[in-house]
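Right, one structure below, let's go through it.
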There are 2 protein chains.
Amino acid sequence: MVKYQQISKEMRQRLVDGYYSSNQPIPDEVTLAKQFDCSRMTMKKALDILVTEGFLYRKRGHGTFIVKSAIQSNKLNVVSNDTLGLSNLLKGQGKRPTSKILNFEVKFPTEEIASHLSIDLDTPVYDITRLRCVDGEPYVIEHTYMPTTLIPGINEKVLLSSIYSHISDNLGLKVAGSHRKIRASKAELLDQNYLDCQPDDPILEVEQAGYLNNGLPFEYAFARHRYDKFEFTTVHIRR
Amino acid sequence: MVKYQQISKEMRQRLVDGYYSSNQPIPDEVTLAKQFDCSRMTMKKALDILVTEGFLYRKRGHGTFIVKSAIQSNKLNVVSNDTLGLSNLLKGQGKRPTSKILNFEVKFPTEEIASHLSIDLDTPVYDITRLRCVDGEPYVIEHTYMPTTLIPGINEKVLLSSIYSHISDNLGLKVAGSHRKIRASKAELLDQNYLDCQPDDPILEVEQAGYLNNGLPFEYAFARHRYDKFEFTTVHIRR
DNA sequence: CAGTGGTCTAGACCACAGA
DNA sequence: CTGTGGTCTAGACCACTGT
């Protein structure tokens, strides 16, 4: 871990430990830089992380202050927890998901899927449908499409645990980010059957395009959530 | 506008103009820094913005590359358009919303609202319900709570246009960011009546806590959207 | 090896706020 | 005026990649 990340980590700990009074600014950047034996630029970069995470805010000419609400209820962790995959989402809560494979096949993509994955119509894709449960309760149905060429080695064993672990641990690929669209939808028959919900229960659908750090899209997926078991949380900071 | 923002703007324009071939890396940082007559740090900061916006990605040891899909369909603008308020959302599309005030009163907050606004139970809040339409079609019902002390001067005229314009233009306050939760919900009677939807139509609800740049929460709101007229778009970049 | 991006430094000047 | 954060510089070294 590089210097500014170490400093950021130490400062985050100080904040949640109440090391600094939340009624006055934390020490100024020059002072902190001396304490941490680094340049002011590096200190600023470390504090930038905490500002982005919502722990601190700056007032030019005044100083840097603590966001009290962020220290009390540590719900801002969504920023760092905002990774892909249900397995990751649940890690922080001491729960692990189970998976039931509803469909698993390899086929040629439709025009739409091919365009989202930046592949041509001749490149086969995995077509995967899984029911994900937590504590035996159905939570979400995930439809996933991935290019077989980019993400080889998908099998039942992988599908029953975590696709993302396979991608990072077995294939050594790095996930860079994703684009998501979130909408409300009516419950279809598949939802009603497997999510154990009523015809008039709404569904929260998250459409997601995932990208590797080489810029290639590796995943196009739809996650259909029970409306009473899931909500999507985001933090928006203006630049 | 400062230097790195100007450079970033110019580079963004070059990218959408096809100035650089998308099949090879753009010039390296040292070369670009010379072209723009700036230091490498400043050049990097300018490129950082475009990476965050999804236009570029970097490969250590290789270079900086263009995300083709971002250039083609300029849907990544959600990053910069990701501001608060329906008026802002619609600006890019040449449409303007109209508002119908369903309820407008001042009262004392409940425990829950007071805690979200970081005020005590003796501080009165605005309780506002508006129906927002686009081209005469109902789009969303917005329930908004704001402290009367922090955001004075709310009246019918303000409510019929944009609350955010009032906050920034009239009060001179700066919106720093927000926390949002997005969920699916069943249509209540109010939704059915004003959004012109059926009892079994789902609703996309966005709960939002808005913050000023001094760290104070100024808004706690629920926006209930027609499921066929709205979807929420986000971009997630791993650090 | 050379070329790329990633980090870090020491110092400078600017913009803004309060006394 | 002083003290704060915001920006910018010129240069250094490191980490990673492909040749």
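The chains referred to below are lettered A, B, ... by the order of the sequence lines, with proteins before strands, and numbering in each begins at 1. Treat the numbers as computed from the prediction; the structure is a model and nothing was measured.
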### Message
Run A:Tyr19 and A:Glu10 through side-chain hydrogen bond (donor to acceptor under 3.5 Å, both in side chains) and show every step you take.
### Response
CA-CA 11 Å; A:Tyr19 183 93; A:Glu10 165 66 19; over 6 Å; no

### Message
Using a strict threshold of under 4.0 Å (side-chain N to carboxylate O), is an ion pair present between A:Asp48 and A:Arg58?
### Response
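Here A:Arg58 pairs with A:Asp48 in a salt bridge, since their nearest N and O are under 4.0 Å apart.
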
Take the protein atom [atom1] of [X] and the nucleotide atom [atom2] of [N], then report the distance between them rounded to whole Å.
{"X": "B:Phe65", "N": "C:dG5", "atom1": "CZ", "atom2": "C1'", "answer": "11 Å"}
{"X": "B:Leu32", "N": "C:dG3", "atom1": "CG", "atom2": "P", "answer": "17 Å"}
{"X": "B:Leu56", "N": "C:dT4", "atom1": "CG", "atom2": "P", "answer": "16 Å"}
{"X": "B:Leu50", "N": "C:dG5", "atom1": "CG", "atom2": "P", "answer": "14 Å"}
{"X": "B:Lys3", "N": "C:dA15", "atom1": "NZ", "atom2": "P", "answer": "14 Å"}
{"X": "A:Gln5", "N": "D:dC14", "atom1": "CD", "atom2": "P", "answer": "18 Å"}
{"X": "B:Met41", "N": "D:dC13", "atom1": "CE", "atom2": "P", "answer": "16 Å"}

### Task
Name all stems that contain residues of DNA chain D, defined as runs of 3 or more consecutive Watson-Crick or G-U wobble pairs, both distances under 3.5 Å.
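Listed by first number, the stems are C:1-18 with D:1-18.
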
### Query
Which nucleotide in the list C:dT7, C:dT9, D:dC8 gets nearest to the side chain of A:Ser39?
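The answer is C:dT9, which lies nearest to the side chain.
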
Rounded at 0.5 Å granularity, tell me how far [atom1] in [X] sits from [atom2] in [Y].
{"X": "A:Leu117", "Y": "A:Thr123", "atom1": "CG", "atom2": "OG1", "value": "9.5 Å"}
{"X": "A:Ile49", "Y": "A:Leu56", "atom1": "CD1", "atom2": "CG", "value": "11.5 Å"}
{"X": "A:Thr144", "Y": "A:Phe104", "atom1": "OG1", "atom2": "CZ", "value": "11.0 Å"}
{"X": "A:His143", "Y": "A:Gln208", "atom1": "NE2", "atom2": "CD", "value": "14.0 Å"}

Report all side-chain donor-acceptor pairs from residues 145-158 of chain B shorter than 3.5 Å, counting only partners two or more places apart or in another chain.
from	atom 1	to	atom 2	distance (Å)
B:Thr148	OG1	B:Pro124	O	2.9
B:Asn155	OD1	B:Lys157	N	3.1
B:Asn155	OD1	B:Val158	N	2.9

### Message
For B:His225 and B:Phe230, take the angle between the two ring planes, folded into 0 to 90°, and tell me which bin it lands in: parallel under 30, tilted 30 to 60, perpendicular over 60.
### Response
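Judged by the thresholds at 30° and 60°, the geometry between B:His225 and B:Phe230 is parallel.
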
Nucleotide N/O to protein N/O under 3.5 Å, stretch nucleotides 3-6 of chain D:
from	atom 1	to	atom 2	distance (Å)
D:dG3	N2	A:Gly61	O	3.2
D:dT4	OP1	A:Asp28	OD1	3.3
D:dT4	O2	A:Gly61	N	3.3
D:dG5	OP1	A:Thr64	OG1	3.1
D:dG5	OP2	A:Glu29	N	3.0
D:dG5	N7	A:Arg40	NH2	3.3
D:dG6	OP2	A:Lys44	NZ	3.4
D:dG6	OP2	A:Arg58	NE	3.3
D:dG6	O4'	A:Arg60	NH2	2.9
D:dG6	N7	A:Arg40	NH2	2.6
D:dG6	O6	A:Arg40	NH1	2.9

### Message
For B:Tyr220 and B:Phe222, I'd like to know if the aromatic rings sit close, meaning centre-to-centre distance below 6.0 Å.
### Response
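Centroid distance B:Tyr220-B:Phe222: below 6.0 Å, so yes.
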
